[in-house]
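What follows is a short report on a single structure.
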Amino acid sequence: MTISKQQTALFFRLSLSITVFGALFKFISLALIIIGAVGMMVFHSLQFLHKKERLALDYARQLLIVTFSCNYIISLLQLPFGNALTLVTKIALIVFIFIYCKNILSTFKEQLQANFLLQNIATENLSHILADLAIVYIVIASLFKILHWEFGILNANVLLAIGLFTALISIVSSSKKLES
């Protein structure tokens, strides 16, 4: 029995939703989080193996998902060496953010060099870049919230506010494009 790329993507999203649902609610949260975290590792690994061409961003995403899932399961079950895995997860998150932002900036730079009209870039691509950044902020805020991380004034609430504000700007900029 083989599983298609669409099915693995669907099951990965379902596992992610189960994990977030388990983290947000108190009832049966342990079982839901463990099922979701294991599902995320398995189905994202299948997606990763199905890819023919893997980029640095793919490796960084895989490392982040595996370390996050393992870290969360270990912290829930209160197993030893949780602090070391938390450090590895933080490093994986920083590497992922760095590579993801570099990818967004290089794509934007390529589009500028391809002689697109500045107005089209400002309306069309700005909303896509802002939407990508909003997703990054919201996912990072979820990680901060689930793992109870804080770096000075940088906490889950601040990141979530930034992400939602960025999403709002993205929606407004794309709606202005639709009106013209």
Beyond-backbone contact of [X] with [Y], side-chain heavy atoms, under 4.5 angstrom:
| X | Y | result |
| --- | --- | --- |
| Leu93 | Phe144 | yes |
| Thr166 | Val136 | no |
| Leu87 | Asn83 | no |
| Ile140 | Ile97 | yes |
| Thr86 | Trp149 | yes |
| Ser45 | Val42 | no |

Rounded distance (nearest 0.5 Å) linking atom [atom1] of [X] with atom [atom2] of [Y]:
| X | Y | atom1 | atom2 | answer |
| --- | --- | --- | --- | --- |
| Gln47 | Met40 | CD | CE | 12.0 Å |
| Ser15 | Ile35 | OG | CD1 | 9.5 Å |
| Ile65 | Leu63 | CD1 | CG | 10.0 Å |
| Asn71 | Leu79 | CG | CG | 11.0 Å |
| Leu64 | Ile91 | CG | CD1 | 12.0 Å |

#### Entry: Centroid separation Tyr137 to Phe165 less than 6.0 Å
no
Closest heavy-atom contact between [X] and [Y]?
| X | Y | answer |
| --- | --- | --- |
| Phe96 | Leu57 | CE1-CD1, 3.7 Å |
| Ala60 | Ile99 | CB-CD1, 3.9 Å |
| Cys70 | Met41 | SG-SD, 3.7 Å |
| Ala134 | Ala167 | CB-N, 3.5 Å |
| Ile74 | Pro80 | CG2-O, 4.0 Å |

### salt bridge (charged side-chain N to carboxylate O under 4.0 Å, His left out) pairs, two or more places apart, involving residues 53-62
Lys51-Asp58, Asp58-Arg61
Establish whether [X] and [Y] are linked, either directly or via other cluster members, by ILVMFWY side-chain heavy-atom contacts under 4.5 Å.
| X | Y | answer |
| --- | --- | --- |
| Phe98 | Ile162 | yes |
| Leu14 | Phe68 | yes |
| Leu46 | Leu55 | no |
| Phe11 | Ile34 | yes |
| Val95 | Tyr100 | yes |

### Query
In this structure, are over 12 heavy atoms from other groups packed under 6.0 Å from Lys145 atom NZ?
no
### Sidechain-backbone polar pair: Thr89 side chain, Thr67 backbone, donor-acceptor under 3.5 Å
yes
### Task
Taking Ser69 for its side chain and Val66 for its backbone only, find out whether a donor-acceptor pair lies under 3.5 Å.
no
